Chemist: 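One structure, pasted below without further comment.
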2 protein chains.
Amino acid sequence: MNINDLTNKLKEKNIKVSFQRIKVLEYLNNNRTHPTVDQIYNDLHLEITSLSRTTIYNTLNALVESGLVKLITIDDNTSRYDIDTRNHGHFKCQTCKNIYDFKVNIDSLSEKELKDFEINSKDVYFKGICPNCSI
Amino acid sequence: MNINDLTNKLKEKNIKVSFQRIKVLEYLNNNRTHPTVDQIYNDLHLEITSLSRTTIYNTLNALVESGLVKLITIDDNTSRYDIDTRNHGHFKCQTCKNIYDFKVNIDSLSEKELKDFEINSKDVYFKGICPNCSI
DNA sequence: AATATAATTGTAATCATTACAAAGTAGTAT
DNA sequence: ATACTACTTTGTAATGATTACAATTATATT
Ligand SMILES: [Mn+2]
Ligand SMILES: [Mn+2]
Ligand SMILES: [Zn+2]
Ligand SMILES: [Zn+2]
């Protein structure tokens with residue numbers, strides 16, 4: 001995805017295009033690590049010295065609200081963000097703290113118990129030790 | 001589960017038994033609503049005026065650490081706690097904020113992609129609108 | 001009963017996030 | 001082009017959840 005694609009994504013969602021918003025989207029597009037606000041801020045701030053943390057929060061809230069970005073709450077204290085909004089699971093290594101994606105057939109989970117519930121989002125979070133850390 | 005059972009659960013996990021810890025466990029046993037620290041504190045504080053919020057945090061951290069209680073991070077800002085540690089899914093209504101349990105065959109999710117990962121916990125979080133709120 | 005160990009409490013500190021107001025930016029109508 | 005308007009960005013202050021810490025209190029062991 002290039003900057004044009006990202007710009008169009010914003011326009012489709014009626015989010016006004018700005019330099020900062022493009023930069024945040026671009027960051028998420030290039031860093032598929034489910035970054036925290038602080039990681040995004042620290043990295044982008046090197047490049048854009050005027051950038052404010054508040055702008056990152058505002059932007060991410062707008063992106064999540066619009067559905068362009070997914071909020072990940074696998075951490076108990078810090079929000080993480082994922083530009084990949086397709087259904088997939090997240091595995092957090094308790095040692096190295098990395099968050100891995102994995103395929104999971106979430107649609108097969110829809111249980112009859114929830115037939116009268118309107119489901120807007122589904123998340124599958126696993127925790128444990130990743131292969132790199134279990135050697 | 002009575003107080004004796006709860007006491008034994010603590011002993012089995014080598015958590016020293018105290019009045020406060022029993023009360024927190026008893027609260028979780030009687031309130032299957034996935035309460036927050038504040039809900040637990042506000043309710044128990046009526047009965048035990050000397051109770052400190054810090055004790056509730058300490059106790060819950062010990063209970064989660066030991067595996068007696070499950071930490072629920074379906075909220076983006078507040079931890080919730082569940083005495084039911086069996087595998088089951090959680091549905092959060094975005095209107096009334098209630099969190100519902102539902103059966104889900106989580107074991108069927110173990111994907112081959114994760115065959116070299118050591119999995120310690122699995123969580124399934126859905127969000128949407130519950131039947132009471134969608135009328 | 002004396003001692004050692006651990007739990008509880010209250011307060012202060014920390015961390016993530018939001019609120020808010022001032023300043024900046026871009027588009028539109030005149 | 002200028003004035004107007006609406007929106008975004010920024011910096012700082014405020015909030016809310018959680019943890020750190022030290023003094024006090026309770027529990028267990030000798
Ligand atoms: Mn992901
Ligand atoms: Mn539950
Ligand atoms: Zn790891
Ligand atoms: Zn509801």
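All of these numbers come straight from a predicted model, not from anything done at the bench. Only heavy atoms go into these numbers, but all of them, side chains included; no hydrogens, no water, no symmetry mates.
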Chemist: Any side-chain N or O of A:Ser52 less than 4.0 Å from the OP1 or OP2 oxygen of D:dT9?
Modeler: no
Chemist: What nucleotide among D:dT10, C:dT9, C:dT17 has an atom nearest to a side-chain atom of A:Thr55?
Modeler: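 Nearest to the side chain of A:Thr55 among the choices is D:dT10.
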Chemist: Expressed in angstrom and rounded to an integer, what is the separation of B:Asp75 atom CG from D:dG16 atom C1'?
Modeler: 13 Å
Chemist: If you go through the side-chain atoms of B:Ser18, does one of them form a donor-acceptor pair with the base of D:dT27 closer than 3.5 Å?
Modeler: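 By the distance-only test, no, there is no pair.
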Chemist: Taking atom C1' of C:dA7 as reference, at what distance in whole Å does atom CG of B:Leu60 sit?
Modeler: 15 Å
Chemist: Of all the nucleotides listed (C:dT17, D:dT10, C:dT8), which has the minimum atom distance to the side chain of A:Val37?
Modeler: C:dT17
Chemist: In whole angstrom, what separates B:Phe19's CZ from C:dT9's P?
Modeler: 10 Å
Chemist: Does the side chain of A:Tyr57 get closer than 4.0 angstrom to OP1 or OP2 of C:dT17 through an N or O atom?
Modeler: yes
Chemist: May I ask you to verify if any side-chain N or O of B:Gln20 is less than 4.0 angstrom from the OP1 or OP2 atom of C:dT9?
Modeler: yes
Chemist: Tell me, with the steps shown, if A:Arg32 and A:Asp101 meet salt bridge (Lys or Arg N to Asp or Glu O under 4.0 Å).
Modeler: CA-CA 9 Å; A:Arg32 304 298 184 110; A:Asp101 290 327; over 6 Å; no
Chemist: Between C1' on D:dA17 and CD on B:Gln39, what's the gap in Å once rounded to a whole number?
Modeler: 14 Å
Chemist: Contact class for B:Thr36 (heavy atom, under 4.0 Å): base, sugar-phosphate, or nothing?
Modeler: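 The residue B:Thr36 makes no contact with any strand.
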Chemist: Any side-chain N or O of B:Asn77 less than 4.0 Å from the OP1 or OP2 oxygen of C:dA16?
Modeler: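 No, no such contact exists.
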Chemist: Are B:Ser79 and D:dA17 close enough that a side-chain N or O sits under 4.0 Å from OP1 or OP2?
Modeler: no
Chemist: For a 4.5 angstrom cut-off between non-hydrogen side-chain atoms, does B:Leu28 reach B:Ile40?
Modeler: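 Result yes, sub-4.5 Å side-chain heavy-atom pair found.
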Chemist: B:Arg53 or B:Lys16: which one's nearest nucleotide on DNA chain C is closer to the 5' end?
Modeler: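 Nearer the 5' end of the strand: B:Lys16.
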Chemist: OP1, OP2 of C:dG10 versus side-chain N and O of B:Thr54: anything below 4.0 Å?
Modeler: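 B:Thr54 to C:dG10 OP1/OP2: no side-chain N or O under 4.0 Å.
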Chemist: Crowded around B:Glu113 CD? As in, over 12 foreign heavy atoms under 6.0 Å?
Modeler: yes
Chemist: Nearest whole angstrom, please: distance from the P of C:dT8 to the CG of B:Leu51.
Modeler: 9 Å
Chemist: Rounding to a whole Å, what distance do you find between A:Asn61:CG and C:dA16:C1'?
Modeler: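 Computing the A:Asn61:CG to C:dA16:C1' distance gives 12 Å.
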Chemist: Find the distance B:Asn14:CG to D:dT27:P and express it as a whole number of Å.
Modeler: 19 Å
Chemist: Can B:Tyr125 and B:Phe91 be said to form a ring-ring contact (aromatic ring centres under 6.0 Å, His included), step by step?
Modeler: CA-CA 6 Å; B:Tyr125 298 144; B:Phe91 177 98; over 10 Å; no
Chemist: Nearest whole Å is fine: how far is D:dG16 P from B:Tyr41 OH?
Modeler: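 The answer, rounded to whole Å, is 16 Å.
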Chemist: Under 4.0 Å between a Lys/Arg side-chain N and an Asp/Glu carboxylate O for A:Lys23 and A:Glu47?
Modeler: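 Salt bridge flag = yes for A:Glu47 with A:Lys23.
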